[in-house]
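Naming: A, B, ... by sequence-line order, numbering from 1 per chain.
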Amino acid sequence: MKHWLKLHWRNCTGSLRDLAERPLATLLTAAVIGIALAMPASLNLLVKNGSNLAGSWDDARDFSVYLKLDTELSKAQQLVDQIEALTGVAQVSLTSADAALADFRASSGLGEVLEELEDNPLPHTLGVRPIEDISVAELDALGQQLAQLDAVELVQIDTEWVQRLNAMLDFLRRVVLLASTLLVIGVLIIVGNTIRLDIQSRRDEIEVLKLVGASDGFVRRPFLYVGLWYGILGGLLAMLVLLLGSWLLAAPLETLVGLYASEANLLGMDWATIGWVLAGGVLSGWGGAWTAVARHLSAIQPS
Amino acid sequence: MIRFDSVTKRYDGTGEALRNLSFEVDSGEMVFLTGSSGAGKSTLLKLIALIERPTRGQVLFDGRNIARMAAREIPRHRRQLGVVFQDNKLLVERSTFDNVALPLVIAGLNDREIARRVRAALDQVGLLKKERSKPGALSLGEQQRVGIARAVVTRPRVIIADEPTGNLDPWLSLEIMKLFGRFNDIGVTMLIATHDLNLLGKLGGRRIRLENGELAEPEDDALVF
Ligand SMILES: Nc1ncnc2c1ncn2[C@@H]1O[C@H](COP(=O)(O)OP(=O)(O)O)[C@@H](O)[C@H]1O
Ligand SMILES: [Mg+2]
């Protein structure tokens with residue numbers, strides 16, 4: 001056991017030393033891995049910020065339901081109960097035509113002009129708040145259902161763009177997943193190919209090792225550790241790219257978000273992101289080395 | 001120690017390199033394998049080191065048939081053998097010390113034991129002072145001695161050598177063979193392939209002569225000189 005640990009430790013540090021002896025090649029490989037990891041990670045951060053933003057407009061998903069002008073207030077009150085019973089509805093509030101007019105008078109500063117009106121031109125209005133975890137499809141269905149009620153003139157969801165944003169975010173989440181998968185495969189191939197070249201250039205050495213009785217594991221281990229180090233270095237570089245990126249973008253993004261949301265709360269790098277990026281680097285580095293080792297090492301036999 | 005039972009080796013697409021070959025090498029023996037180029041000497045040694053597999057027949061090593069040994073058991077088998085090659089097969093980027101230490105590192109000995117045994121082996125081949133040199137800085141004879149040190153450092157019971165003096169002048173060749181003789185004196189079984197008949201005249205040991213992959217009568221020394 002102790003011997004085993006020592007061998008691993010030797011391979012681990014030895015591989016790092018080998019890499020340090022050719023810093024440029026190592027850095028280039030690590031940079032490619034880093035960029036490949038940074039891309040999906042930054043996209044993911046973007047989506048997370050987007051979701052955060054969309055989440056802060058919960059009330060923006062409220063429907064405004066305008067009733068026909070001749071609707072009685074009692075009928076409107078009846079509708080409140082009726083709508084509250086619908087699935088997907090959290091809460092319904094009624095603003096009577098009179099209240100709306102008073103409100104308008106006060107806020108518009110046109111009090112006296114409006115005084116002249118014989119009839120109140122405003123309808124009774126219902127504010128319908130959907131439940132929180134309602135899906136886009138359910139929201140649509142609810143809107144149609146509301147529009148079909150008699151006495152309802154118009155159903156309006158002012159902020160359709162929030163819906164669009166949410167749909168877009170759903171889409172982007174899938175893009176992140178797809179991009180991550182593709183880029184991890186890319187890293188596997190890059191590391192695999194680098195290790196393959198490494199194996200080929202050390203063909204003679206591998207033959208000699210096998211001749212004097214080295215097991216497959218003994219021959220394999222240094223290459224796996226090289227792959228692991230590539231992954232770790234790539235992960236660290238990815239983190240650097242992300243930090244730099246969020247630092248550069250923080251100020252303009254805050255301004256942008258501030259235009260839409262009262263409290264812009266930007267999400268930077270969190271532990272989960274750091275964990276995923278590092279784990280992605282380690283797994284794809286090690287995995288890439290395995291693909292090369294499994295395919296090319298057994299082909300080298302002493303002759 | 002080593003026994004061939006009706007061993008035939010046929011390489012893909014060629015004739016038979018070894019034909020129905022049977023012989024035995026006892027423990028502690030010093031045996032020279034002779035025969036002209038292409039007779040099958042290298043092939044025979046490769047079957048012992050499991051670099052090649054026999055097409056037919058049994059190869060017994062220490063009583064065990066290794067002809068169909070599982071691939072994952074081969075490393076352990078090779079670690080019981082010392083092997084010396086004509087082209088010495090040293091790692092050119094590593095020092096003499098590291099080259100000789102290689103089998104011990106593979107065997108997992110600790111650093112102190114490795115250093116002790118490597119120095120002992122280098123002392124035996126007279127290269128203690130060159131432990132830091134890389135192969136490129138050594139003469140051919142010295143390189144071959146490093147190869148021998150690497151073969152004996154694990155104290156194997158059997159050493160096989162394929163034309164170990166093939167690249168050396170007669171004087172150095174004799175030195176190398178004497179070195180082998182000393183290891184044989186302490187009980188190591190030696191099987192050495194060579195076509196250098198002049199050299200053999202000066203050495204003891206038994207001879208096995210191959211001709212077209214079959215056993216032949218050993219050369220008459222009188223004919224050689
Ligand atoms: N890898 C190989 N593939 C095909 N034929 C081979 C191979 N190795 C050796 N041979 C053939 O086997 C025969 C014996 O070769 P070898 O064992 O090298 O003889 P020696 O070492 O006595 O010169 C020769 O005819 C040689 O051409
Ligand atoms: Mg030969």
Chain A heavy atoms under 4.5 Å from [X]: which part of the residue, side chain, backbone, both or neither?
X        : value
B:Lys89  : both
B:Val92  : neither
B:Arg94  : side chain
B:Asp111 : both

Does the side chain of A:Glu207 reach to within under 4.5 Å of the side chain of B:Ile51, using non-hydrogen atoms?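 Not in contact.
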Tell me, do B:Arg78 and A:Pro302 make a side-chain contact under 4.5 Å, heavy atoms counted?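 A side-chain contact under 4.5 Å exists here.
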Crowding at [atom1], [X] (>12 non-hydrogen neighbours, <6.0 Å):
X        : atom1 : result
B:Arg53  : CZ    : yes
A:Asp204 : CG    : no
B:Arg132 : CZ    : no
B:Tyr11  : OH    : yes
B:Lys46  : NZ    : yes
A:Arg22  : CZ    : yes
B:Glu93  : CD    : no
B:His77  : NE2   : yes

Can you tell me how far [atom2] of [Y] sits from [atom1] of [X], rounded to the nearest 0.5 angstrom?
X        : Y        : atom1 : atom2 : answer
B:Ile74  : A:Leu211 : CD1   : CG    : 11.5 Å
B:Ile106 : A:Lys210 : CD1   : NZ    : 11.5 Å
A:Ser215 : B:Arg79  : OG    : CZ    : 6.0 Å
B:Leu50  : A:Gln301 : CG    : CD    : 11.0 Å

Report which part of A:Val212 has an atom under 4.5 Å of a heavy atom belonging to chain B: side chain, backbone, both, or neither.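 Looking at A:Val212, backbone and side chain both touch chain B.
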Out of B:Leu91, B:Val105, B:Asn110, return the one with the most heavy atom pairs under 4.5 angstrom to chain A.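 Winner by heavy-atom pair count: B:Leu91.
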Count the heavy-atom pairs under 4.5 Å between each of B:Pro103, B:Gly108, B:Ala49 and chain A, then report the option with the highest count.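 Result: the option with the highest number of such pairs is B:Gly108.
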